[in-house]
Amino acid sequence: MLATFLETLTESPSAEDVWNRLVDKMAEFGFDRLIYGYTQFRSERSLGDIEDFLILSNHSREFLDRFLGDKLYFNAPMVRWALENDGACSWRHISEQLERGELTPEEIEVYEFNRKMGITTGYALSFHTVSQRAKGGLALTAKAGLTHDDVDEIWAKHGTNIKVICNVAHLKLINLPYSGLRRPLTKRQREALEWVGNGKTMQDIATIMDLKPATVEKHLRLAREVLDVDTTAQAVLKAAFQNQIFMLDPES
């Protein structure tokens with residue numbers, strides 16, 4: 001039952017567990033390759049540093065090395081659609097744009113790369129957000145051999161349930177700790193940032209943590225380096241965005 005699966009999903013203890021359950025469930029509907037992306041550092045001209053993205057996928061390494069490593073996602077037609085819209089969209093939409101000559105040369109290059117990799121039919125989901133800086137999306141690639149008509153038929157029967165499942169998974173994922181492609185903060189770095197966030201002075205933090213002020217500053221400096229920010233205030237904000245601090249059971 002849908003309710004039973006959603007209950008299990010909401011009780012998942014980690015992003016890995018949520019993702020594995022989502023991958024298995026989508027395969028039951030005919031979508032066997034997924035890629036999920038989420039950023040909280042979007043601006044008018046950029047999605048932010050890819051190292052800060054939350055990215056999850058079961059696509060092949062060959063595909064991911066090109067799509068992410070060579071930044072093909074910058075010109076992916078469905079990424080453009082996801083940034084401009086909320087909801088769900090069949091990849092038939094891109095094929096129709098190609099036929100009408102509406103894709104840029106860069107978008108056609110990505111389209112042809114996907115086709116070469118057997119990524120031809122599926123659906124894109126763009127999750128609603130209330131933040132100007134945040135955006136999340138999920139690409140559901142259909143099993144090999146399925147046509148646009150096959151996929152649209154699947155969606156007509158199960159689309160509502162699929163959207164509910166994926167939305168719940170998205171909301172769960174963004175409330176779990178993540179560090180993007182960077183290494184996670186250490187326990188000491190998290191603790192020092194938390195006390196800064198609570199308004200404590202350097203001397204206060206040193207007393208509370210039973211450390212020398214210089215050692216506290218070292219932990220804060222390393223936290224800034226890990227998070228790739230210039231100031232401790234930025235580090236607190238970024239760590240809070242990524243759910244790395246003030247969590248009951250943060251990942252080590």
Check the side chains of [Y] and [X] for a donor-acceptor pair under 3.5 angstrom, ignoring hydrogens and angles.
X    : Y    : result
H170 : Y36  : yes
T231 : R224 : no
D204 : T207 : no

Can you check whether [Y]'s main-chain N or O pairs, donor with acceptor, with [X]'s side chain at less than 3.5 Å?
X    : Y    : value
T141 : I119 : no
E194 : F246 : yes
N58  : D32  : yes
T121 : L146 : yes
R33  : L140 : no

Cluster link [X] to [Y], ILVMFWY, side chain under 4.5 Å:
X    : Y    : result
L173 : F5   : yes
F31  : L6   : yes
F241 : I245 : no
L193 : F41  : no
L98  : M117 : yes

**Study point:** Spatial distance of atom CG (N243) from atom CD (Q40) [nearest 0.5 Å]
**Key:**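 Taking CG in N243 and CD in Q40, the distance rounds to 7.5 Å.
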Exercise for review: Carefully, step by step, assess V110 and E107 under the rule side-chain contact (heavy atoms from CB on, under 4.5 Å).
Suggested key: CA-CA 5 Å; V110 178; E107 289 174 334; 5.7 Å; no
Considering all heavy atoms, the nearest [X]-[Y] contact:
X    : Y    : value
S126 : A82  : OG-O, 2.6 Å
L227 : A235 : CD1-O, 3.4 Å
I205 : A192 : CD1-O, 4.1 Å

Exercise for review: For side-chain contact (heavy atoms from CB on, under 4.5 Å), just list the numbers for Q189 and Q244, CA-CA rounded to whole Å, side-chain angles, deciding distance to a tenth of an Å, and then say yes or no.
Suggested key: CA-CA 10 Å; Q189 291 164 5; Q244 291 203 66; over 6 Å; no
Review point. Going by heavy atoms in the side chains, are M26 and I165 under 4.5 Å from each other?
Key: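 Of all side-chain heavy-atom pairs linking I165 with M26, at least one is under 4.5 Å.
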Point to revise | Worked verdict on L9 versus K25 for side-chain contact (heavy atoms from CB on, under 4.5 Å) | key: CA-CA 11 Å; L9 199 63; K25 177 58 68 172; over 6 Å; no
Exercise for review: Might you work through the side-chain contact (heavy atoms from CB on, under 4.5 Å) test for L22 and C166, ending with a clear yes or no?
Suggested key: CA-CA 7 Å; L22 180 63; C166 292; 4.2 Å; yes
Practice item. Classify the angle between the aromatic ring planes of F63 and F113 as parallel (below 30°), tilted (30 to 60°) or perpendicular (above 60°). Key: parallel
Point to revise | Distance under 6.0 Å and angle within 45° of ring axis: K163 vs Y123 | key: no
